[in-house]
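Model, not experiment: these values are computed from the prediction. Sequential numbering from 1 along the given sequence is applied to the chain's residues. The figures here come from the full heavy-atom set of this structure, side chains too, leaving out hydrogens, waters and symmetry mates.
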Amino acid sequence: MTKSYNVAILGATGAVGTRLIEQLEQSTIPVNSLKLLASPRSAGKQLEFKGEKITVEATTPESFDGIDLVLASGGGSVSAQYAPEAVKRGAVVVDNSSYWRMNDDVPLVVPEVNESALSSHNGIIANPNCSTIQMVVALAPIKQQFGLKRVIVSTYQAASGAGQSAWNELVAETTAYNAGEPVHANILPVKGAQHHYPLAYNLLPQIDVFEDDGYTHEEWKMIHETKKIMFGDKNSKAVKVTGTAVRVPVPIGHGETVYFETNDGAGATTASIQAALRSAAGVVLEDNPAEQLYPQPVNAAGKRETFVGRVRPDLENDDSFHMWVVSDNLLKGAAWNTVQIAERLVALNLVRVPQGASDKFPVTK
């Protein structure tokens with residue numbers, strides 16, 4: 001008899017949460033029951049799963065009693081509070097916030113890249129940053145075949161990456177601008193910052209707060225998450241990674257220019273890199289300059305895959321190349337990667353908390 005699972009979605013009413021419900025509905029996970037959890041202000045709302053109306057409940061520690069699997073997208077402070085509670089009660093948590101990603105006891109997983117890391121989980125698995133996910137999906141087949149020495153990325157990140165409120169603000173700003181009315185910005189580039197700037201008809205070279213070294217925390221995350229996912233160490237010296245993250249006035253779909261250096265003498269060519277990408281899991285190669293075929297956010301929205309194009313050599317440096325990478329930041333960058341991790345946990349019979357694992361994540365009051 002096929003085992004079925006009691007699943008909870010934490011943060012069920014947000015932009016990612018609603019997509020978690022949709023992706024779970026389309027997944028291979030046999031769901032026995034589904035509990036939808038959110039903040040008290042969202043409690044009482046009804047959302048649909050497989051034709052059934054489910055009432056959203058306010059999250060409490062007891063919400064996780066009897067739950068096998070938690071898909072969490074409630075933000076860092078929520079995951080910090082409730083993920084340990086879930087693990088203590090025997091549930092495995094796949095968390096979409098940034099809170100657990102750099103914890104040495106928590107695997108950071110993109111199934112196409114490092115599925116094997118799931119076998120060492122202690123009850124919590126972290127979903128990487130959306131911009132990191134699509135980049136490593138595209139880089140993984142290149143690393144496997146030709147090695148990887150250096151990565152330089154510039155991101156063009158959609159408004160929805162900052163949440164539904166930022167997306168709504170972009171729409172409101174655009175409407176006001178087109179009507180010749182004053183444009184008011186209250187959210188971007190960072191909530192709670194001293195200054196806010198409009199995204200409509202603009203570009204913002206700041207995502208998250210600035211660190212002391214002048215990099216934003218988003219850029220810091222891409223550097224260290226890439227190293228942890230691809231090389232098993234967030235501070236790995238095996239590859240050099242740097243980047244610049246920019247918010248652009250696009251609703252859904254992050255774009256990235258990715259410059260990378262392969263190992264000396266590995267024999268990489270544009271054609272061989274394209275061949276590696278064409279056969280890679282989760283990748284769709286859209287690369288025909290003669291026909292103006294290349295990935296675009298408007299076409300990637302609503303799709304699970306990572307789209308790659310504009311593969312070309314650096315004409316000034318051997319073994320170095322450029323590519324253009326696009327993906328739906330709310331699906332592969334968040335909801336689908338989370339559910340995909342859960343699918344692999346089920347397939348590998350890893351929906352279980354190892355004995356003593358909860359000691360690694362003390363419950364905080």
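The backbone N or O of Asp318 sits less than 3.5 Å from a side-chain atom of Ser320, completing a donor-acceptor pair. Counting only distance, with no hydrogens or angles, the side chain of Trp324 and the backbone of Pro295 share a donor-acceptor pair below 3.5 Å. Judged purely by atom type and a 3.5 angstrom limit, Ser63 uses its side chain to pair as donor or acceptor with the backbone of Thr60. Under a 3.5 Å cut-off, the side chain of Asn337 and the backbone N or O of Val109 do form a donor-acceptor pair. In this structure, Thr155 contributes its side chain and Val246 its backbone to a donor-acceptor pair below 3.5 Å. A distance-only check finds a donor-acceptor pair linking the side chain of Ser279 to the backbone of Ala275 [under 3.5 Å]. With Ser120 contributing its side chain and Ala117 its backbone, the two residues share a donor-acceptor pair below 3.5 Å. When atom types are taken as modelled, the side chain of Glu169 and the backbone of Asn186 share a donor-acceptor pair closer than 3.5 angstrom. A side-chain donor-acceptor contact under 3.5 Å links Tyr82 to the backbone of Thr59. Under the 3.5 Å distance criterion, the side-chain polar atoms of Asn114 are matched with a main-chain donor or acceptor of Leu108.
Cation-pi geometry between Lys143 and Phe231 is satisfied (NZ or CZ under 6.0 Å from the ring centre, within 45° of the ring normal).
With values rounded to the nearest 0.5 angstrom, Ile67 atom CD1 is found 11.0 Å from Leu10 atom CG. The distance from atom CZ of Phe64 to atom NZ of Lys88, rounded to the nearest 0.5 Å, is 11.5 Å. For the atom pair CG (Leu69) and CG (Leu24), the distance works out to 8.0 Å, reported to the nearest 0.5 Å. With values rounded to the nearest 0.5 angstrom, Arg150 atom CZ is found 12.5 Å from Asp319 atom CG. Atom CG of Leu34 is separated from atom CG of Leu20 by 10.0 Å, given to the nearest 0.5 angstrom. Rounding to the nearest 0.5 Å places NZ of Lys234 at 13.0 Å from CD1 of Ile229.
Annotation: Phe210, atom CZ; neighbour count of heavy atoms from other residues, nucleotides and ligands within 6.0 Å is above 12. Counting non-hydrogen atoms of neighbouring residues, nucleotides and ligands closer than 6.0 angstrom, the CD atom of Gln355 reaches no more than 12 such neighbours. Under a cut-off of 6.0 angstrom, the local environment of CZ in Arg89 is crowded, with over 12 non-hydrogen atoms contributed by other residues, nucleotides or ligands. Within 6.0 Å of atom CD in Glu211, more than 12 heavy atoms from other residues, nucleotides or ligands are found, so the atom counts as buried in its surroundings. With a 6.0 Å radius and a threshold of 12 heavy atoms from other residues, nucleotides or ligands, Lys360 has its NZ atom at or below the threshold. Within 6.0 Å of CD on Glu62 lie more than 12 heavy atoms contributed by other residues, nucleotides or ligands. The neighbour count for Lys50 NZ, taken as heavy atoms of other residues, nucleotides or ligands under 6.0 Å away, is above 12.
Remark: the Gln340 side chain and the Glu112 side chain contain an N/O donor-acceptor pair separated by less than 3.5 Å. Defined by atom type and a distance below 3.5 Å, a donor-acceptor pair is missing between the side-chain atoms of Gln134 and His254. There is no side-chain donor-acceptor pair under 3.5 Å between Glu256 and Ser131. Counting only N and O atoms by type, the side chains of Asp287 and Gln274 include a donor and acceptor under 3.5 Å apart. Asn329 and Gln157 form no side-chain donor-acceptor contact under 3.5 Å, judged by distance and modelled atom types alone.
Closest approach of Ala342 to Leu71, counting heavy atoms only: CB-CD2, 3.9 Å. Of all heavy-atom pairs between Thr242 and Tyr215, the closest is OG1-OH, 3.0 Å. Taking all atoms of both residues into account, the shortest heavy-atom contact from Pro249 to Leu203 is CD-CD2, 3.9 Å. When all heavy atoms of Ala43 and Ala58 are compared, the closest pair comes out as CB-N, 3.7 Å.
No path of Ile, Leu, Val, Met, Phe, Trp and Tyr side chains, each step under 4.5 Å between heavy atoms, connects Tyr156 with Ile252, placing them in separate hydrophobic clusters. Under the 4.5 Å side-chain heavy-atom criterion for ILVMFWY residues, a single connected hydrophobic cluster contains both Leu36 and Val70.
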**Request:** Show the numbers, then the answer: is there a side chain to side chain contact (heavy atoms under 4.5 Å, CB included) between Ile21 and Leu47?
**Result:** CA-CA 9 Å; Ile21 298 170; Leu47 300 173; 3.7 Å; yes
**Request:** Please step through side-chain hydrogen bond (donor to acceptor under 3.5 Å, both in side chains) for the pair Asn317 and Glu261, ending with a clear verdict.
**Result:** CA-CA 9 Å; Asn317 293 286; Glu261 296 179 17; over 6 Å; no
**Request:** Go through the steps to decide whether Arg101 and Asp95 satisfy the test salt bridge (Lys or Arg N to Asp or Glu O under 4.0 Å), and finish with yes or no.
**Result:** CA-CA 9 Å; Arg101 292 175 187 162; Asp95 181 52; over 6 Å; no
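For the salt bridge (charged side-chain N to carboxylate O under 4.0 Å, His left out) criterion with Asp208, the lone passing option out of Arg247, Lys191, Lys221 is Lys221. Checking each of Ile273, Thr270, Leu139 against Met323 for a side chain to side chain contact (heavy atoms under 4.5 Å, CB included) leaves exactly one that passes, namely Leu139.
Partners of Glu219 by side-chain hydrogen bond (donor to acceptor under 3.5 Å, both in side chains), not counting sequence neighbours, listed by chain and number: Thr216. The side-chain hydrogen bond (donor to acceptor under 3.5 Å, both in side chains) check on Ser39 picks up nothing, with sequence neighbours excluded.
Side-chain contact between His224 and Asn235: present, with at least one pair of heavy atoms (C-beta onward) separated by less than 4.5 Å. Phe307 places none of its side-chain heavy atoms less than 4.5 Å from the side chain of Val325. Counting heavy atoms from C-beta on, the side chains of Lys227 and Val239 come closer than 4.5 Å. Contact of the Val106 side chain with the His121 side chain is not registered, since no non-hydrogen atoms from C-beta on lie closer than 4.5 Å. Val151 places a side-chain heavy atom less than 4.5 Å from the side chain of Met135. Annotation: side chain of Glu52 is not in contact with side chain of Phe49 (no heavy-atom distance under 4.5 Å). A heavy-atom distance below 4.5 Å is not found between the side chains of Val87 and Glu85. You'll find the side chain of Val7 stays beyond 4.5 Å of the side chain of Asp68, heavy atoms only.
Between Glu305 and Lys332, none of the side-chain N atoms (NZ, or NE/NH1/NH2) sits under 4.0 Å from a carboxylate O, so this pair counts as no salt bridge.
The aromatic rings of Trp220 and His217 lie parallel to each other, their planes meeting at an angle below 30°, with 60° marking the opposite boundary.
Applying the side chain to side chain donor-acceptor pair (under 3.5 Å) test to residues at least two apart or on different chains, the pairs with a partner in residues 171-181 are Asn178-Tyr201.
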